[in-house]
Structures are given as structure tokens and as C-alpha cells.
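Comments concern the structure below.
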Amino acid sequence: MRFRTVSENGGNRDLSVTFNRRSADRAVGYPPLMDTSHVYPSDVAFTDSVKAQQARMGSRRAYAHMEQGSGWQTRITPELEEFIAARNSMYLATSNAAGQPYIQHRGGPPGFLRVLDEQTIGFADFAGNKQYITLGNIQENIKAHVFLMDYAHRRRIKIWGELSAVEGDAALNARLKPEGYKARVERVMLIKVTAWDVNCPQHIPQKIDADDVSKALATRDARIAELEAELEKLRG
């Protein structure tokens, strides 16, 4: 499965300084950072202040070209659906009305995160530590972000959207609860996708799931046993 990627330029520098966007345009010789007659899906992340920093660091031209070309996807493609179906883990970010962010991990067997239609993904929210921070945050701010990692193949996908909770829907609970998984479903969480993007694989450590390692070892051991049996026959 292949995804288009755009790499970011620049090293680790302090971006906390106040920066004037118009000065940035003149300094690097680029056209205005934001054409207000066009709204791009990536604008969900690339605000004026972000674009100003991209201009300062030298990556704005590449991202402007991306915006005017194919840009970020706003619909769930078959390739993304396949990627989602293989995940057994995800990170979900929300923030409260004060802007305080919170990231939580959600996991389950592969396929616990499911595509419901071309713009909606959902998962069964299992009973946990009962802090309900995410649930409280979306009462004030429905904006959310999903980060999906494939460590084995060094791939990652970012999804922006709006998060909602559905409680008391037995049919939806049953639809999204992984079959045979021992957990109590408290509600269903739905994410309406606004935009998504694929990151380059830089600096992603390669990690293999324990289940995949066990399967590989079992296959190896079976092959060793087969070869040993053949060897015994030859010796006989």
C-alpha cells in the first residue's frame, strides 16, 4: 500500500518568537501566505501563524504547491480503510475550552477502529479508569485528532475531525464491539473526518508486535521440525 508523503524541512529551532507574516513574505520572496479566496483541507492545521513559520523555515513553497495540487484527502479512501482495519492501537487528542490538550491511547484487536462511511470512523469505548477527560472535553470542544502508527512498516497517518459520543445505542455498540473481545462497552465514539495526511517515515522506530513475532517464530520452528524430520529420513 502506497501513500503520498510530504517531508518537512528544517531542524529543531525555537519557534516561540513572535513573527510577522507579511515580513516573512517579503523576506523570502514568496507570494502571500494565505489566499483568502481559497480554503484548503490542510488549513485545519496550517493556520496563518503556521504558514508564517513554514515561510521562515523554508518549507512554505513546497506546502503551497501541495495545497494547489492534490492536497490533503477529506474522504476515507480504500487505502486508508485498509490501513485503519489493520491497526490495534491509536492515539486520540482533544482539548478543553481553555485550550488544554489531552492525548489518550485506545487499543483493541485489529479492526477495533472501523470505517462506517467515507467520512466517519468509530470505535467502541470500553470501561476504563473512569476519568472521562475526553468525554468532558468534547462537551466544550468537539475538535479532535487521531494519530495512527504502523511501527513495523514505519508508517503514520494523521486524521483531523470532530468527535462525538453515542450512548445507549445497543445496535451500534454491538456493531463496533470486536467479536470475542472481553471488555464492557460504555458508549461508541464517532469521528467525522475533516482531513487526513500521511507523514514521512523519518525517525519512526521499527517495532514488531508480540503476536507477529510469535507467529514468525512458530513458522520458523515448524520449518525446522520439517527439515529435521527429512534429515532423519536421509540418515535412515
Side-chain angles (χ1 to χ4, degrees), residues 1-8 34 38-47 50-51 63 66-97 99 101-126 133-151 153 155-167 169 171-173 175-178 185-201 204:
M1 180 169 31
R2 297 176 63 87
F3 292 102
R4 175 187 57 80
T5 63
V6 177
S7 298
E8 297 183 18
M34 175 74 79
H38 293 85
V39 176
Y40 302 104
S42 53
D43 287 345
V44 67
F46 295 169
T47 60
V50 171
K51 291 182 180 183
Y63 284 115
M66 176 276 294
E67 291 164 353
Q68 295 161 11
S70 57
W72 286 3
Q73 299 274 5
T74 59
R75 303 288 179 179
I76 299 171
T77 64
E79 293 79 12
L80 177 58
E81 184 171 5
E82 180 183 350
F83 187 87
I84 289 173
R87 305 278 65 79
N88 62 4
S89 177
M90 74 170 184
Y91 300 97
L92 176 64
T94 58
S95 66
N96 58 27
Y102 175 70
I103 298 175
Q104 67 172 186
H105 172 266
R106 280 289 180 263
F112 83 98
L113 182 63
R114 299 184 185 179
V115 173
L116 302 180
D117 58 48
E118 65 177 3
Q119 207 170 10
T120 309
I121 56 180
F123 63 94
D125 191 24
F126 306 129
I133 298 175
T134 296
L135 192 62
N137 283 352
I138 63 173
Q139 309 308 309
E140 303 175 344
N141 181 3
I142 62 173
K143 302 298 184 182
H145 184 77
V146 173
F147 211 93
L148 300 176
M149 296 296 304
D150 177 359
Y151 289 105
H153 300 95
R155 295 180 295 186
R156 54 186 169 182
I157 290 181
K158 303 180 294 186
I159 301 175
W160 285 261
E162 297 178 348
L163 182 64
S164 61
V166 180
E167 298 182 345
D169 190 327
L172 193 56
N173 287 359
R175 179 181 177 185
L176 290 180
K177 181 182 179 182
V185 179
E186 288 192 331
R187 67 191 56 78
V188 162
M189 306 298 284
L190 301 179
I191 303 156
K192 183 178 179 181
V193 176
T194 301
W196 61 275
D197 182 40
V198 184
N199 271 142
C200 64
I204 299 178

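These values consider heavy atoms only, across backbone and side chains, with no hydrogens, waters or symmetry-generated copies.
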Do Thr134 and Asn137 pair up side chain to side chain, a donor and an acceptor below 3.5 Å, judged on atom types alone?
no
Is it the case that the side chain of Arg87 and the backbone of Leu113 share a donor-acceptor pair, with hydrogens and angles ignored and the cut-off at 3.5 Å?
no
Side-chain donor/acceptor of Arg155 to backbone N/O of Tyr151, under 3.5 Å
no
Knowing that exactly one of Leu92, Val188, Leu176, Leu190 qualifies, which makes a side-chain contact (heavy atoms from CB on, under 4.5 Å) with Phe123?
Leu92
May I have the step-by-step check of side chain to side chain contact (heavy atoms under 4.5 Å, CB included) for Phe112 and Lys177, ending in yes or no?
CA-CA 7 Å; Phe112 83 98; Lys177 181 182 179 182; over 6 Å; no
For the [atom1] atom of [X] and the [atom2] atom of [Y], what is their distance to the nearest 0.5 Å?
X	Y	atom1	atom2	value
Ile138	Glu162	CD1	CD	11.0 Å
His105	Ser89	NE2	OG	2.5 Å
Phe46	Lys51	CZ	NZ	8.5 Å
Ile121	Met189	CD1	CE	11.5 Å
Ile157	Asp197	CD1	CG	9.0 Å

I want to check something: taking the side chain as every heavy atom from C-beta on, are [X] and [Y] in contact at a cut-off of under 4.5 Å?
X	Y	value
Ser42	Met66	yes
Val193	Thr74	no
Met149	Ile204	yes
Val185	Asp125	no
Tyr91	His145	no

Going through the checks in order, is the side chain to side chain contact (heavy atoms under 4.5 Å, CB included) test met by Leu116 and Arg175?
CA-CA 10 Å; Leu116 302 180; Arg175 179 181 177 185; 3.7 Å; yes
Give the minimum heavy-atom separation between [X] and [Y], together with the two atoms involved.
X	Y	answer
Lys143	Asn141	N-OD1, 3.1 Å
Val146	Ile191	CG2-CD1, 3.6 Å
Phe126	Pro178	CZ-CD, 3.8 Å
Ile159	Trp196	CG1-CB, 3.9 Å
Glu140	Ala97	OE1-N, 2.8 Å
Val44	Ala195	CG1-CB, 4.2 Å

Is Lys192 atom NZ crowded by more than 12 heavy atoms from other residues, nucleotides or ligands, each under 6.0 Å away?
no
Decide if atom CD1 of Ile103 counts as having more than 12 heavy atoms of other residues, nucleotides or ligands within a radius under 6.0 Å.
no
When the ring planes of Trp72 and Trp160 are compared, do they come out parallel, tilted or perpendicular, using 30° and 60° as the limits?
parallel
Check ion pair [X]-[Y] (N to O, under 4.0 angstrom):
X	Y	value
Asp169	Arg187	no
Arg156	Asp150	no
Glu118	Arg75	yes

